[in-house]
Asks: 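I am attaching a structure below and will ask some questions about it afterwards.
In what follows, every chain begins at residue 1, and chains take the letters A, B, ... in the order their sequences are listed. Just so it is clear, the structure is predicted and the values come from calculations on it, not from any experiment.
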Amino acid sequence: MKIHIHYRFLLILLMMVSYVVHAQDAEKNTLLLGLKYNNHNNQEQYLHAQVKSKINGKFQMIEGIKLKCYISDETVDANLIGQAITNGKGEATILIPASVQDVWKSSPSQTFIITSGKTIEYDASRSDLTITKAKIKIDTAEGRIINANILALVDSVWTPVKDADMFVGVKRLGGNLNVNETETYPIDSLGAVAAEFKLEAIPGDKNGNIVLIAGVYENDSYGTVTAEMSVPWGEKTVYVSNYDERSLFARRGKSPLWLELMAYSIVAGVWGVLIYLIIQIRKIIKLGVE
Amino acid sequence: MEKVARQHIIEDLLPQKFGKQGRLWVASLIILCLIGLFAYIRQLSKGLVVTSMRDYVSWGIYISNFVFFVAISLVGSLITAVLRLSDVNWSTPLTRIAEIIAVSAITFAGLIIVVDMGRPDRFYNLFIHGRLQSPIVWDVIVITTYLIISCLLLYFPLLPDLKIMMEFKEKSNTFLLKIYRFMGNYWKNKPEQFRISEKAINILSITIIPVAFSIHTVTSWLFATTYRPGWDSTNFGAYFISGAFLVGAGGVVVAMYVFRTHYKLEKYIKDEHFDKMGKVLVMLALLYLYFNVNEFLVPAFKMKKPEKEHLIDLFTGEFAPIFWFAILTSMILPIIILLFKKGRKPKAAFVAGILVVIGSWFKRYIIVTPTLLHPFLPMRDVPANYRHYYPSWEEWAIAIGSLAGALLVITIFARIFPIIPIHETITETEEHENTHSL
């Protein structure tokens with residue numbers, strides 16, 4: 001009997017040990033939140049969040065994480081600027097709404113906080129980002145020169161930025177294209193760069209307009225700041241409709257002539273023979289009646 | 001003496017009334033057709049949702065059945081035209097069997113397409129919106145043309161037989177006599193009538209060959225012009241035609257055996273016919289096997305990713321049992337049976353023919369459905385059941401009903417008209433006797 005009790009005790013002990021081991025195995029993963037600030041044309045300010053976690057020794061982007069984003073350094077409801085859920089790439093975008101403009105205008109630099117709540121798989125997580133407000137002005141000069149300068153808000157005064165490189169290019173469907181062989185330009189003491197537009201015969205819209213872009217990307221102080229302007233330096237794109245052209249993929253009645261000729265001659269040939277044979281039946285009938 | 005022989009041939013070959021077995025056979029076919037009709041009415045009232053066809057498999061067993069019908073109809077051109085033009089006289093007793101198989105099969109091929117469309121009025125849209133560039137339009141043109149040619153090829157040689165049947169009034173009833181008179185009252189056995197008829201049959205025999213090749217090539221293009229794994233082949237026309245000749249010849253062997261045993265036609269459909277048709281079948285099965293090796297070995301050697309999924313599904317996956325069953329029954333087993341002289345005896349050849357026909361039906365299913373389950377660009381977030389296809393009972397009922405319908409047409413034709421051409425048999429017998437007496 002005693003031995004039996006001992007066995008039972010051992011069994012319970014074993015179960016407890018295995019539970020502890022299992023509980024250790026089932027430790028929650030840590031979420032790493034990344035936050036980036038973007039200012040486009042000095043009109044659209046938004047935050048771009050990325051959520052990843054190290055799972056089985058590899059970083060993986062995590063989908064479906066609910067994020068809360070705050071302005072200022074306190075995570076109180078009054079500072080909440082938006083909520084988002086990460087997409088399949090573990091990314092989410094949050095626009096800075098007009099409702100927080102008073103807080104936004106109150107300081108030349110801003111702090112943003114992003115948080116994720118506790119879930120079954122992950123612990124709660126938090127990250128913050130402090131930026132200095134900056135903007136880019138873009139213009140053109142004679143001889144197809146693009147001038148751009150970047151200014152940062154220092155003590156309520158827009159002051160030229162000196163410690164950054166700027167990209168100047170032209171917007172295309174698949175990304176931005178350099179306007180000449182130089183990719184980025186060091187900013188001078190006035191916070192300005194000048195780039196010569198050397199591209200020839202670049203397709204534009206129907207009026208030949210293309211979009212120039214100047215930007216400072218993922219800067220530690222200013223985030224990503226870009227500005228665009230449209231100029232008529234491209235080739236005019238004329239849309240030619242092929243709706244009425246004859247082709248194998250055209251609409252009804254617009255098949256290629258060679259196909260029509262072939263198809264109709266075969267049909268006419270074979271049905272000509274059949275009509276001839278039906279006439280032969282009529283002949284046989286006539287012979288029978290005579 | 002000649003008159004006596006003629007009398008015997010006519011009495012042997014005139015259409016016979018259905019016996020007990022025949023009536024049972026007809027009743028079974030009618031029941032299957034009615035079940036199919038009921039299922040079709042359900043499909044008409046509730047829509048194509050009663051089928052298992054969804055966004056992935058939009059061509060199910062209806063289209064498999066269509067391809068099967070088109071394939072088997074090709075036998076009309078093989079037996080009637082190719083053998084006739086090659087001066088192969090032994091095929092005379094088989095010509096009408098082949099032609100009626102062709103006519104009934106091509107009729108039901110057309111009907112099953114209308115069934116597949118869902119609402120039958122959509123067929124009208126084909127005429128008002130159809131594009132000449134589309135192989136579907138070519139298919140409609142070619143099927144209609146082939147049906148007309150096959151009907152004419154059935155009708156011309158029937159004319160002298162109609163005259164004979166009208167002469168033997170006591171063997172017919174009033175209704176049948178009315179049919180014979182309507183169809184051939186004007187036939188008076190005049191030499192000029194024979195001359196025109198012979199000429200017409202020769203023209204038809206020549207015309208039907210390119211049309212028959214077109215009908216199945218165009219059917220193969222319905223698939224090959226669609227960019228999908230398993231169909232993206234330049235080989236498809238020849239592959240389909242070789243398969244069509246095989247199933248058609250198999251169908252004729254089955255029909256030969258059934259008519260021979262049921263109507264006691266051993267004197268006309270002889271062991272020699274089974275021997276020769278058996279050899280034709282072996283040749284066609286080997287040819288089709290060759291095309292199959294081409295069709296599967298080359299993509300399997302390259303194993304491009306979308307093709308790989310499709311081929312693995314066929315070779316070892318979900319469709320492997322049907323795939324190997326089709327290959328074995330439509331080609332390998334018939335070749336093994338028919339290679340031996342004993343295998344070309346009527347009963348063994350009949351078994352081989354049955355295997356060919358059944359295997360060929362499943363082969364068409366294998367051509368149509370698995371490909372549709374493996375598109376190059378898979379759809380996102382489709383329900384799980386879209387990724388599998390098993391026909392609903394309505395689809396089975398309609399498909400089986402259509403097969404029964406084709407058999408019913410052949411059966412009724414054999415009840416009304418002689419299944420072996422009487423006049424041609426008499427002429428050939430007389431010619432044969434004259435040659436021997438000389």
Asks: About how many Å separate CD1 of A:I284 and NZ of B:K190, when rounded to the nearest 0.5 Å?
Replies: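 One finds 12.0 Å between NZ of B:K190 and CD1 of A:I284.
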Asks: Determine whether a donor-acceptor pair (N or O, by modelled atom type, separation under 3.5 Å) exists between the side chain of B:R131 and the backbone of A:L248.
Replies: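 Yes; at least one donor-acceptor contact below 3.5 Å.
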Asks: Quick check: are there more than 12 heavy atoms from other residues, nucleotides or ligands sitting under 6.0 Å from NZ of A:K89?
Replies: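 Atom NZ in A:K89 is not crowded, with 12 or fewer foreign heavy atoms closer than 6.0 Å.
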Asks: Of the backbone (N, CA, C, O) and the side chain (C-beta and beyond), which part of A:K286 lies under 4.5 Å from a heavy atom of chain B, both, or neither?
Replies: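 A:K286 has no heavy atom closer than 4.5 Å to chain B.
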Asks: Spell out, as yes or no, whether a donor-acceptor pair under 3.5 Å connects the side chain of B:Q133 to the backbone of A:A250.
Replies: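 Present.
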Asks: For chain A, which of B:W138, B:F156, B:Y155 has the most heavy-atom pairs under 4.5 Å?
Replies: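 Heavy-atom pairs under 4.5 Å are most numerous for B:F156.
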Asks: With a 4.5 angstrom heavy-atom cut-off, is it the side chain or the backbone of B:T207 that approaches chain A, or both, or neither?
Replies: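 It is the side chain, since no backbone atom gets that close.
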Asks: Do other residues, nucleotides or ligands put more than 12 heavy atoms under 6.0 Å from B:D121 CG?
Replies: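 Count over threshold, so yes.
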Asks: Quick check for you: to the nearest 0.5 Å, what is the distance between B:K199 atom NZ and A:K283 atom NZ?
Replies: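 Reported to 0.5 Å precision, the distance equals 6.5 Å.
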Asks: Rounded to the nearest 0.5 Å, how far does CD of A:Q280 lie from CD1 of B:I201?
Replies: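 The CD1 atom of B:I201 sits 12.0 Å away from the CD atom of A:Q280.
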Asks: Check whether B:V211 gets within reach of chain A through its side chain, its backbone, both or neither, counting any heavy atom under 4.5 Å.
Replies: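 For B:V211, side-chain heavy atoms alone lie under 4.5 Å from chain A.
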Asks: Tell me whether A:Y122 at atom OH has more than 12 heavy atoms from other residues, nucleotides or ligands lying less than 6.0 Å away.
Replies: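 Counting other residues, nucleotides and ligands, OH of A:Y122 exceeds 12 neighbours.
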Asks: Please round to the nearest 0.5 Å and tell me the distance separating atom CD1 of B:I196 and atom CG of A:L277.
Replies: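 If I round to the nearest 0.5 Å, the distance is 11.5 Å.
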Asks: Counting only N and O atoms by type, is there a donor-acceptor contact under 3.5 Å from the side chain of B:K188 to the main-chain atoms of A:L287?
Replies: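 No, the answer is negative, given that no donor and acceptor are paired below the 3.5 Å cut-off.
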Asks: Report yes if the side chains of A:I285 and B:W187 come closer than 4.5 Å at any heavy-atom pair, otherwise no.
Replies: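 In short, these two side chains do not touch, never coming nearer than 4.5 Å.
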Asks: Would you mind reporting whether A:I281 and B:L152 have side-chain heavy atoms less than 4.5 Å apart?
Replies: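 Side-chain contact under 4.5 Å: yes.
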Asks: Is it the case that atom NZ in A:K66 sees more than 12 heavy atoms from other parts of the structure closer than 6.0 Å?
Replies: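 No.
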Asks: So which part of B:L132 gets closer than 4.5 Å to some heavy atom of chain A, the side chain, the backbone, both or neither?
Replies: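 It is both, since atoms from each part get that close.
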Asks: Of the backbone (N, CA, C, O) and the side chain (C-beta and beyond), which part of B:I128 lies under 4.5 Å from a heavy atom of chain A, both, or neither?
Replies: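 Backbone only.
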Asks: Please identify, among A:V270, A:V267, A:I266, the residue contributing the most non-hydrogen atom pairs under 4.5 Å to chain B.
Replies: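 Looking at each option in turn, the highest pair count goes to A:V270.
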